[in-house]
Enquirer: 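Take this structure, written in structure tokens, and hold onto it; I'll ask about it next.
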Amino acid sequence: MDHTAKKNKRLMALNDNKAGMEGLDRDKINKIIMESSKGSRFYENELKREQQVNQRIEKMMLQKAQITEQQLKKAQAEVERMATELERSRDLSRVIVHVDMDAFYAAVEIRDCPELKDKPMAVGSMSMLSTSNYHARKYGVRAAMPGFIAKKLCPNLVIVPTNFAKYRAVSGEVREIFAEYDPHFQSVSLDEAYLDFTDHLEQRQSWPESLRTHRFHASSTATGIAPNMMLAKVCSDKNKPNGQYRLPSTREAVMDFVQNLPVRKVSGIGKVSEKMLNALGISSCSHLGQQMGLLSLLFSETAWHHLLQVSLGLGSTFIPRHEERKSMSTERTFKELSKVEEQLSLCRELCEDVAEDMKEEGLKGKTVTLKLKNVSFEVKTRALTLPYAVATVDEIFAVAKDLLKTEIDNESPQPLRLRLMGN
DNA sequence: GCGGATCAC
DNA sequence: TATGGTGATCCGC
């Protein structure tokens, strides 16, 4: 394989090897994904973005080369001071549980249509899948994969359209159960939540033996039990599907656990951060601990503080309540839209949707943001903050229209070729 | 405050 | 034929 081909493969390929892959082998899957993607506008944009990340990494490596032994020593000392302080405040007294429902949307659809149980199936559309069941995963079919590619990997795949209202209803039932264990639980999404079991476990001590039975439930969930949120989240991923992993509440167990943990598993460290860390020779959290001095010189303060905490196995020990929302938006993807009148009327429609949602929650906002994506998948946002809060369609549209017109004028005489608009 | 990027689901 | 939608946060202006 030549250099370019290798690079391309890295970009789009399936990069996890947790599933059994009984249907097709990895090389075959990656070949099919690549053949379906290559040459598309989407793919070209992905290549461009990868280049940008590579440049960021080059810049970082140049910075690294400038660092003197002296600076590194000083940074190292500073990091160690902070680590000692963090260590002093380590709290192992809480029992935090992270619950993650396996292939949630797919599980709900199978409940309502049991014939699907033994077939490869996914929820979504030919454009995009939300999730797939475990049969489908054997073929490489994954969440966030377009359905038309999934169909190439698995021609027998059944694609069920998403029905959010239904998932919300089921999620509500599950949340009632969560509330029995921790009335202050925090849901991350329809299928994920953090619970603090500490109080529940203490009260349970005094229950009569007959009540300390397990509640039977048919749905499959993954749970992680650990002394903080960061660790609980990682633990719930460990014995998927329908498994549980408990990390003992001792410093030794936590440190052992964290040593071999790949940085990518940690919530908040995504594809780009992983790549930057990899460039520095860091792939596991033990490497993080060894390189914190360097990281404190190359990364922003918030970033390296977070990495230091991760390397020590520290995380939040109390589960924050969900705060008030800070923004509200709606966006839509469509076939190419190039006519000015159509763009304006679509913009108005989106403003109507947002205004309606705001009315439902009785909210107002001061900043109006217009989001545009052209047919080459390039995304732009344009915002304007008003001295007062607005909420009605006319007020919002007045601002959004100006923002949109400016962009149209900017591009003229070429038309804006849009595939998505939001605000 | 703005705009691009990253991240999670 | 065809690669989503919503919300949050951070960085560097």
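Here is the naming used below: chain letters follow the sequence lines, and residue numbers restart at 1 for every chain. We use all heavy atoms of the structure for the numbers below, so side chains are in, but hydrogens, waters and symmetry mates are not.
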Enquirer: Less than 4.0 angstrom between a side-chain N/O of A:Ser329 and OP1 or OP2 of C:dG7, yes or no?
Expert: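 Indeed, a polar side-chain atom of A:Ser329 lies that close.
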
Enquirer: Among the nucleotides C:dT3, B:dT6, C:dA8, which one has an atom lying closest to any side-chain atom of A:Ser273?
Expert: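 It is B:dT6.
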
Enquirer: To the side chain of A:Ser300, which of B:dG4, B:dC9, C:dC10 is closest?
Expert: C:dC10

Enquirer: Can you check the A:Phe148 CZ to C:dG4 P distance for me, whole Å?
Expert: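 Distance, rounded to whole Å: 10 Å.
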
Enquirer: Determine the contact category for A:Lys335: base if any of its heavy atoms lies under 4.0 Å from a base atom, sugar-phosphate if only primed atoms, P, OP1 or OP2 are that close, otherwise nothing.
Expert: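 Result for A:Lys335 = nothing.
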
Enquirer: Are A:Glu352 and A:Arg348 close enough for a salt bridge, meaning some N to O gap below 4.0 Å?
Expert: yes

Enquirer: Give the nucleotide from the list B:dG3, B:dC9, C:dT3 with an atom nearest to the side chain of A:Phe42.
Expert: C:dT3

Enquirer: Over how many whole Å does the gap from A:Arg168 atom CZ to C:dG5 atom P extend?
Expert: 16 Å

Enquirer: So with a 6.0 Å cut-off around CD of A:Glu336, is the heavy-atom count from everything else above 12?
Expert: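 Yes - once you tally the heavy atoms of other residues, nucleotides and ligands closer than 6.0 Å, there are more than 12.
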
Enquirer: Using whole Å, report how far CG of A:Leu277 lies from P of B:dT6.
Expert: 14 Å

Enquirer: Which of these nucleotides, C:dT3, C:dG7, B:dC2, is closest to any side-chain atom of A:Ser40?
Expert: C:dT3

Enquirer: In whole angstrom, what separates A:Glu35's CD from C:dT3's P?
Expert: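 Roughly 18 Å, once rounded to whole Å.
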
Enquirer: To the nearest Å, how far apart are A:Glu274 CD and B:dA8 C1'?
Expert: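 After rounding, the reported distance stands at 15 Å.
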
Enquirer: What's A:Leu190 touching, base or sugar-phosphate or nothing? Going by heavy atoms closer than 4.0 Å.
Expert: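 It contacts nothing in the nucleic acid.
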
Enquirer: When you measure from the centre of the six-membered ring of A:Tyr43, is the NZ or CZ of A:Lys38 under 6.0 Å away and within 45° of the axis?
Expert: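 Negative - A:Lys38 is either too far from the ring of A:Tyr43 or too far off its axis.
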
Enquirer: Check the distance between C:dG4's C1' and A:Tyr105's OH and give it to me in whole angstrom.
Expert: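 So the two atoms are 12 Å apart, to the nearest Å.
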
Enquirer: Going by modelled atom types, is there a donor-acceptor pair between the base of C:dT6 and the side chain of A:Thr330 at under 3.5 Å?
Expert: no

Enquirer: Counting side-chain heavy atoms from CB outward, which of C:dG4, B:dC7, C:dT6 is closest to A:Glu331?
Expert: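 The closest nucleotide is C:dT6.
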
Enquirer: Taking all non-hydrogen atoms of both residues into account, name the closest pair between A:Val141 and A:Ala122 and its distance.
Expert: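 For A:Val141 versus A:Ala122, the nearest heavy atoms are CG1-CB, 4.5 Å.
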
Enquirer: Return the value, rounded to whole Å, for the distance between atom NZ of A:Lys38 and atom P of C:dA2.
Expert: 18 Å

Enquirer: Within 45° of the ring axis of A:Phe334 and under 6.0 Å from its six-membered ring centre, is that where the NZ or CZ of A:Arg332 lies?
Expert: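 Ring-cation test returns no.
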
Enquirer: Looking only at the side chain of A:Arg325 (C-beta and beyond, no hydrogens), which of the listed nucleotides B:dG3, B:dA8, C:dG7 gets closest?
Expert: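 Taking heavy atoms from C-beta onward, the closest nucleotide is C:dG7.
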
Enquirer: Is the phosphate of C:dA2 approached by A:Arg419 (side-chain N or O, under 4.0 Å from OP1 or OP2)?
Expert: no

Enquirer: For the ring pair A:Phe197 and A:Tyr181, is the centre-to-centre distance below 6.0 Å?
Expert: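 Yes; A:Tyr181 has its ring centre under 6.0 Å from that of A:Phe197.
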
Enquirer: Determine the interatomic distance between C1' on C:dG4 and the same-named atom on B:dC7; round to the nearest Å.
Expert: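 About 15 Å, rounded to a whole number of Å.
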
Enquirer: I want to verify a distance call: between C:dG4, B:dG3, B:dC7, whose nearest atom is closest to the A:Lys271 side chain?
Expert: B:dC7

Enquirer: Which part of the nucleic acid does A:Leu129 contact within heavy-atom distance under 4.0 Å: base, sugar-phosphate only, or nothing?
Expert: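 The residue A:Leu129 makes no contact with any strand.
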
Enquirer: C:dT3, OP1 or OP2 - any side-chain N/O from A:Ser37 closer than 4.0 Å?
Expert: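 For A:Ser37, the contact criterion (side-chain N or O under 4.0 Å from OP1 or OP2 of C:dT3) is not met.
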
Enquirer: Closer to the 5' end of DNA chain C via nearest nucleotide, is it A:Glu301 or A:Pro146?
Expert: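 This one resolves to A:Pro146.
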
Enquirer: Heavy atoms only, 4.0 Å cut-off, all strands: where does A:Arg41 land among base, sugar-phosphate and nothing?
Expert: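 Nothing, no nucleic acid heavy atom in range.
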
Enquirer: Measure from the side-chain heavy atoms of A:Met126 and tell me the nearest of C:dG7, B:dG3, C:dA2.
Expert: C:dA2

Enquirer: Between A:Arg382 and A:Val272, which residue's closest nucleotide on DNA chain B lies nearer the 5′ terminus?
Expert: A:Arg382

Enquirer: Which nucleotide in the list B:dC2, C:dT6, C:dT3 gets nearest to the side chain of A:Lys371?
Expert: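 The answer is C:dT6.
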
Enquirer: From the list B:dG3, C:dA8, B:dC2, which nucleotide is the closest neighbour of the side chain of A:Ser327?
Expert: C:dA8

Enquirer: Evaluate A:Arg90 against A:Leu312 for side-chain contact (heavy atoms from CB on, under 4.5 Å), listing each step before the verdict.
Expert: CA-CA 9 Å; A:Arg90 185 190 292 270; A:Leu312 294 168; 4.1 Å; yes

Enquirer: Nearest whole angstrom, please: distance from the C1' of B:dC2 to the CD of A:Glu407.
Expert: 13 Å

